[in-house]
Amino acid sequence: MSLRRLGADRLRIRASDGLYLLSYLLCMTDAILISYTTLNCTAAAHYTSLFLRFSSLIVMAGKLVWDGKQRLSTLLFTCAVCLLIGVSLYRSGYNHLFYLLVACLGVWNVDVKKALWIDFTARLFLTLFIISGALLGAIENYITYRMGSPQLRYSLGFNHPNTLASLAMSLVLEEAWLTRRRPGVPYTFVLLIGVIPLYLLTRNRTAIALAAAFPFLLPWAFRRRPLGRAARIFWTAFPLLVIGFSITAMLLCQRVLLFREFDLLMSNRFWNSMKVYRQYGISLLGQRVQLLSVRLARVQHESPILLDVAYLRTLIQAGPIILLLYAALYISAFRKASLAQDRYSILVYMLFMLYGMFESGFNNVYMNFTLLIALRAWYAQEWLPAG
């Protein structure tokens, strides 16, 4: 098939898909252009965000009407999941849950690969637009120091340097998953050449390290040896292992030397989570948690209050039921990928789950495209292979 024909096929979408994508892109604009940039400090940001969210819900309602009847099992499953997310969103005010709620509505019959090509294109455009705005002086380029270090970190228009690095990592992995990028020296060289200046700008370690490690892990994804029973069990249990380790690290970060050293290496992420946990405890379906970013803490001359670990933020702010929902979603995703012998998808899922141990962006559909793949596969009761 020619590249022109392939591009035309990607752009050709059904009305139902188009409505879903319009709602999805309205939320993406809110999530990235408003919430994840320094524009969120402007007076109009709050009202713009409300307008975009309300518009996305109106468009999604139009999609559900257009689709007409659904299978009873799909309808009940959608209602149950969205009800849990909606209650937690209302109780916690956690923005990422709103984006997850919109992603869940109507995803059951969407062509996810076409959706992800548009997702990739739109996210790349928004990222370049924000960086250009920062370089031209139209958007504030937030500059900060790493705690305990004289190194400067640049956000290039985003609300934090980590956001820029995380978006770059997500774009690298999404492009690779969609094209089933193969290992090779040229690809490795280009990727490493790209992440080096990104690291020097952001001084981010997690996202940069995962993006840099990806081409070296790619040969595993193309091994012909099938996954055995033990490997399938391990990957199915991998979400529980990662989430369990995060909770254990939080509880033992000041008691056990190994966890204390690990926490110091990770900029006290688990100790910060422990302090929030001691103050608020855990509510079954979420609660309001007052956090204070590094940027605002410096302006107000106070100590930051952070929940950077995605799983711990979900546990404390969104509630254990939502954390179990995430766990069940990824257990199902790993299981289906293992049964399908789709090593490529397993690799990308693994990298995102490791990312979730150190960054809260894992919970955001617009930082973590695998959430959309896993949701579609969950509804469709089928696996969508990479490429």
Side-chain angles (χ1 to χ4, degrees), residues 18-60 63 89 93-105 115-144 153-175 198 201-202 204 207 291 293-296 299 308 310 313 355 359-372:
L19 289 171
Y20 184 87
L21 287 167
L22 177 58
S23 177
Y24 185 84
L25 292 174
L26 285 168
C27 276
M28 177 187 285
T29 304
D30 173 51
I32 296 179
L33 191 58
I34 305 298
S35 300
Y36 271 155
T37 70
T38 52
L39 294 174
N40 62 11
C41 298
T42 62
H46 175 70
Y47 298 103
T48 304
S49 178
L50 288 178
F51 172 76
L52 289 169
R53 294 185 190 193
F54 182 73
S55 299
S56 71
L57 288 177
I58 293 297
V59 173
M60 187 59 75
K63 178 200 182 305
L89 172 64
Y94 186 22
N95 286 335
H96 292 0
L97 294 181
F98 178 81
Y99 307 137
L100 181 65
L101 178 65
V102 173
C104 285
L105 288 170
L116 285 175
W117 272 111
I118 293 175
D119 169 87
F120 172 80
T121 305
R123 199 139 39 86
L124 179 62
F125 170 79
L126 282 173
T127 301
L128 295 176
F129 176 78
I130 293 164
I131 292 173
S132 299
L135 294 176
L136 294 172
I139 302 175
E140 181 191 353
N141 178 16
Y142 173 53
I143 303 173
T144 185
R153 309 178 68 193
Y154 301 86
S155 73
L156 295 186
F158 292 94
N159 61 348
H160 197 279
N162 287 349
T163 305
L164 173 58
S166 297
L167 275 170
M169 181 204 75
S170 183
L171 287 168
V172 166
L173 295 180
E174 186 171 21
E175 187 275 338
L198 188 61
L201 279 169
T202 65
N204 174 278
L291 302 176
S293 68
V294 173
R295 183 183 186 188
L296 289 178
V299 172
D308 285 333
R313 182 161 190 178
Y355 166 74
E359 300 287 350
S360 62
F362 171 88
N363 295 332
N364 192 323
V365 176
Y366 304 107
M367 283 285 196
N368 177 8
F369 70 93
T370 65
L371 275 169
L372 198 59

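This chain uses plain numbering: 1 for the first residue, then up along the sequence.
- Here the straight-line distance linking atom CG of N95 with atom CG of L100 works out to 12.5 Å at 0.5 Å rounding.
- Between the side chain of T29 and the main chain of L25, a donor-acceptor pair closer than 3.5 Å is present.
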Check your understanding: Could you walk me through whether D30 and S35 pass the side-chain contact (heavy atoms from CB on, under 4.5 Å) check?
Key -> CA-CA 6 Å; D30 173 51; S35 300; 4.1 Å; yes

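- Nearest heavy atoms, R123 versus T127: O-OG1, 2.7 Å.
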Point to revise | Check against side-chain contact (heavy atoms from CB on, under 4.5 Å), F158 and I131 | key: CA-CA 8 Å; F158 292 94; I131 292 173; 4.2 Å; yes

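- Atom CG of L33 sits about 13.5 Å away from atom OH of Y366, to the nearest 0.5 Å.
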Exercise for review: Check the pair Y355 / S170 against side chain to side chain donor-acceptor pair (under 3.5 Å), numbers first and verdict last.
Suggested key: CA-CA 10 Å; Y355 166 74; S170 183; over 6 Å; no

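- In this structure a side-chain-to-backbone donor-acceptor pair under 3.5 Å is present from S56 to R53.
- Side chains of N162 and R153: a donor-acceptor N/O pair is present below 3.5 angstrom, by distance only.
- A 4.5 Å side-chain heavy-atom check between L164 and S155 finds every atom pair outside the cut-off.
- The two residues A168 and L198 make their nearest non-hydrogen contact at CB-CD2, 3.4 Å.
- Between the side chains of N364 and Y99, not a single donor N or O lies within less than 3.5 Å of an accepting N or O.
- More than 12 heavy atoms of other shown residues, nucleotides or ligands fall within 6.0 angstrom of atom CZ in F120.
- The closest side-chain donor-acceptor pair between Y94 and N363 falls under 3.5 angstrom.
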